[in-house]
Amino acid sequence: MGVLGTLRTNVGKMVEHKHFQMLIIGIILLNGLIIIVETYARGNDLLLIFDQIIVWIFVLEMVLKLFGLGTKRYFSDGWNIFDFSIVVASIAFYATPFVSVLRLIRVLRLIRMIPAIPALRKIIDALMKSIPALTGVLGLCMLIFTIYAIIGTTFFSDVLDYEFFGSFHTSLFTLMQVVTFESWASQVARPIINEVPWAWFYFVSFIIIGALVILNLVVAVILNYLGQEDEEVREEQMERLYKENRELKEDIQEIKQMLLSKK
């Protein structure tokens, strides 16, 4: 291995070291603090200088990772692709008049905290893996909302103001309010029940199906994938221990044969 190969190996170990990761987390937190302070002191020159320094620190981090890990290994991780996009966009929009876009990119830098903290990364990875399984549950949820929105528009459009059940889209928004339990009883349900007595069944059944069943199904699917990831880690550990145990037995067997051959 040449000097360049040795240097690349050392840099790769450095960027994956926990102390390096903690340093990056600290810089991301500092970046978030600067963004918060800037909401109180817009256009402060000192804050802008700190922001520029942080951008170039992120550029240096990206260059070190590309060099130490190699482009193939670096871009094989989706989170590294996200980091790369944010850093490149930060540089591309820094000297442009698109101030709102630049502010959005600066806020998105805080998402870089996710891959830096294993616990957060584990949750997001499990959430992304559960999306295919959630399509059926979300499809059922959309169907239930559509049915109840049509019923609500048909029977309650003349009872309350237009903003509640006056149209299909306003009914959907009202049902979202009901399913989140946000003032649904006093603002929506009770005035309608006073005019339409059977409406209590409409709201109670929707809450049972929408809030207590479907939302819990979503939570159950996500928790299932979180458990699967833990199971995969345990299986990998058990497989590694089994392999090490088998290699140890082979070594002991070779030592026994060597000792017996010498007798």
Side-chain angles (χ1 to χ4, degrees), residues 1-38 44-132 225-226 228-230 232-233 235-237 239-240 243:
M1 184 182 291
V3 178
L4 184 62
T6 304
L7 180 61
R8 172 170 286 183
T9 302
N10 291 334
V11 173
K13 291 179 179 178
M14 181 190 73
V15 297
E16 292 183 326
H17 198 277
K18 64 178 182 179
H19 291 159
F20 183 84
Q21 296 295 328
M22 290 175 64
L23 175 63
I24 297 301
I25 291 173
I27 294 172
I28 295 172
L29 289 174
L30 177 61
N31 176 67
L33 181 61
I34 290 173
I35 294 173
I36 293 171
V37 173
E38 199 176 41
N44 187 285
D45 293 335
L46 182 61
L47 294 177
L48 292 175
I49 292 172
F50 277 130
D51 186 73
Q52 291 177 358
I53 293 173
I54 289 174
V55 169
W56 288 109
I57 289 175
F58 287 151
V59 171
L60 178 61
E61 178 208 4
M62 181 184 70
V63 172
L64 290 174
K65 283 187 174 182
L66 282 168
F67 178 74
L69 303 177
T71 54
K72 184 177 181 181
R73 184 180 172 190
Y74 179 84
F75 288 108
S76 63
D77 189 340
W79 286 109
N80 286 336
I81 296 175
F82 175 80
D83 291 348
F84 179 84
S85 303
I86 293 297
V87 173
V88 171
S90 298
I91 299 172
F93 285 96
Y94 214 96
T96 64
F98 302 105
V99 179
S100 58
V101 177
L102 179 60
R103 287 174 180 168
L104 176 61
I105 293 171
R106 291 171 64 189
V107 173
L108 289 177
R109 287 186 217 153
L110 298 177
I111 303 179
R112 299 188 69 235
M113 184 75 70
I114 294 174
I117 301 178
L120 295 178
R121 181 168 182 164
K122 175 184 174 183
I123 294 173
I124 298 301
D125 287 342
L127 182 61
M128 297 302 293
K129 290 178 181 178
S130 66
I131 288 177
Y225 275 85
L226 279 171
Q228 283 184 2
E229 187 167 336
D230 292 336
E232 289 175 0
V233 171
E235 288 179 358
E236 289 177 0
Q237 292 176 346
E239 186 177 350
R240 186 174 65 253
K243 184 178 180 181

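Any value given below was found using the heavy atoms of this structure, including those in side chains, with hydrogens, waters and symmetry copies removed.
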Using a 3.5 Å cut-off and no angle test, enumerate the donor-acceptor pairs between side-chain atoms of residues 67-76 and protein atoms at least two apart in sequence or in another chain.
| unit_1 | atom_1 | unit_2 | atom_2 | d |
| --- | --- | --- | --- | --- |
| Arg73 | NH2 | Glu16 | OE1 | 3.3 |
| Arg73 | NH2 | Glu16 | OE2 | 2.4 |
| Tyr74 | OH | Asn80 | O | 3.4 |
| Ser76 | OG | Arg73 | O | 2.6 |

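- Listed by first and then second residue, the salt bridge (Lys or Arg N to Asp or Glu O under 4.0 Å) pairs involving residues 56-67 are Glu61-Lys65, Glu61-Arg112 (not counting sequence neighbours).
- Within the 4.5 Å cutoff, the side chain of Trp56 has no heavy atoms near those of the Leu60 side chain.
- Considering OG1 of Thr9 and NZ of Lys13, their distance stands at 6.5 Å, rounded to 0.5 Å.
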Review item, side-chain donor-acceptor pairs of residues 27-37, under 3.5 Å, at least two apart:
| unit_1 | atom_1 | unit_2 | atom_2 | d |
| --- | --- | --- | --- | --- |
| Asn31 | OD1 | Arg109 | NH1 | 2.9 |

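- To the nearest 0.5 Å, atom CZ of residue Phe20 and atom CG of residue Leu64 are 5.5 Å apart.
- Within a 6.0 Å sphere centred on CE of Met14, heavy atoms belonging to other residues, nucleotides or ligands number more than 12.
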